[in-house]
Number of protein chains: 2
Amino acid sequence: MSEMASPKHLESVPSREENFAEHGIEWLREHGYKVTSQRRAILELFGRLGEHLKPGQIHTRLESKLPSLSLATVYNTLELFEEEGLVNRVTAQDGETYFDPNIQPHHHAVCNQCGGLFDIDIEGDQLDQLAEASGTTEREETDFAITGATIWFRGVCESCDDG
Amino acid sequence: MSEMASPKHLESVPSREENFAEHGIEWLREHGYKVTSQRRAILELFGRLGEHLKPGQIHTRLESKLPSLSLATVYNTLELFEEEGLVNRVTAQDGETYFDPNIQPHHHAVCNQCGGLFDIDIEGDQLDQLAEASGTTEREETDFAITGATIWFRGVCESCDDG
DNA sequence: CTACATGCAAAATCTTTGCATAATT
DNA sequence: AATTATGCAAAGATTTTGCATGTAG
């Protein structure tokens, strides 16, 4: 059931996006949660955009389709999705809260110029190496047993570098 | 001086704590800013504790000394200090905003058990290695020129590991 | 029908802002 | 005395909460 095929055909990657909503809906059903139009719409929005979204953005983007959608419901829904592992909560370095449909462990990069947020894949053992390299497990003053890490890169994205 | 043994163990930078307030006060003077009791108190608090502090914490901790201190002044002062490079603004992974008198480039670790926040030193070239290792500069889909990174480690601190 | 989800409005935080007052230089 | 900083109160922004209503199963 793991369709994490290596991205050899970059043009035909769209399956994840389209299936995100379907998977989510089925998940809700299987776990006894009600499939409401609001939950469906939020899942579909994630599936369509595949991006990190802020609660307010979600609310705004769904306003036309669901005029009665309340921000409280957006928050409720995101809380549910996060608790159940359908999305990840991401706090950016500027304090903004995003929700990310990409639940694979990964990191982020922020473009200094356009402010864009990009996913960065990184190998698990490279993280271990980093932990070792940081020397934090060796220094007596800061003996800290590392179980994980989140990295925020800064730099310039491809688009901004071109222009 | 301080009865509370603060969890700061940077042997290499011992005088910084004591001089932090003095340096800050002199800096204000030299740059034409007024040395007020509020600014002095905030600098001294950082110098005494040498820790990451939230605006609200600063306000609370100074309440007894400066009963009239307003939260707005705390924010104004922190904004000034940050703009002038006397402190760093730090947004934790849970979205909390801290101000850090340690302006040396460094990273942070959060203890899963006690929630404590610890400084982590890391070599610059190790960061470069990490950037390289992440492969982000090579993958065509995510060509991103890295200029810096901020790392948040999670794990268990020494105290919690002992108990 | 019954349980759960939604919408609304109010409240709790955190942070910023405008202006009169106060303190530093 | 002049200029800048402070305090206060009000306003934004974000997120949470309580309760009546609505709706999926």
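Values below: all heavy atoms of this structure, side chains included; hydrogens, waters and symmetry mates excluded.
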A/Y33 and A/E84 side chains, donor-acceptor separation under 3.5 Å: yes

Could you give the CD-to-P distance, from A/Q38 to D/dG22, as a whole number of Å? 14 Å

Separation of D/dT15 P from A/Q57 CD (nearest whole Å): 11 Å

Decide yes or no on side chain to side chain donor-acceptor pair (under 3.5 Å) for A/H31 and A/W27, but give the supporting numbers first. CA-CA 6 Å; A/H31 290 255; A/W27 190 97; 3.2 Å; yes

Any side-chain N or O of B/T36 below 4.0 angstrom from OP1/OP2 of D/dA5? no

Donor-acceptor contact below 3.5 Å, side chain B/T73 vs main chain B/L69: no

Whether the A/H52 and A/D119 side chains hold a donor-acceptor pair (N or O, under 3.5 Å, no angle test) is what I'd like checked. yes

Can you tell which of D/dT15, D/dA24, D/dT3 lies closest to the side chain of B/K34? D/dT3

What is the separation between atom CG on A/L53 and atom P on D/dT15, rounded to the nearest whole Å? 13 Å

Can you pull out the residues from residues 59-83 of chain A that lie within a 4.0 Å heavy-atom distance of DNA chain D? A/L71, A/A72, A/Y75

Its 5'-most and 3'-most nucleotides having an atom under 4.0 Å from a non-hydrogen atom of chain A, DNA chain C is contacted over C/dA3 to C/dC8

If you measure from CZ on A/F81 to CZ on A/R39, what distance do you get to the nearest 0.5 Å? 7.0 Å

Option among B/W152, B/F118, B/Y98 that satisfies the ring-ring contact (aromatic ring centres under 6.0 Å, His included) test with B/H108: B/W152

How bent is the helix from C/dC1-D/dG25 to C/dT25-D/dA1, comparing axes over its five end pairs at each side, to the nearest 10°? 30°

Taking the side chain as every heavy atom from C-beta outward, state whether A/C114 and A/S159 have any atom pair closer than 4.5 Å. no

Could you check whether any side-chain heavy atom of B/F99 comes within less than 4.5 Å of a side-chain heavy atom of B/N88, counting everything from C-beta outward? no

In whole angstroms, the gap separating P of D/dT4 from CZ of B/R39 amounts to 11 Å

For B/D100 and B/H106, which I'm curious about, is there any donor-acceptor pair between the side chains at under 3.5 Å? yes

So what does B/T97 touch, heavy atoms closer than 4.0 Å: a base, only the sugar-phosphate, or nothing? sugar-phosphate

Restricting to non-hydrogen atoms, name the atom on B/A149 and the atom on A/F153 that form the minimum distance, rounded to 0.1 Å. CB-CD2, 3.8 Å

Can you tell me how far P of D/dT23 sits from CZ of A/R40, to the nearest Å? 15 Å

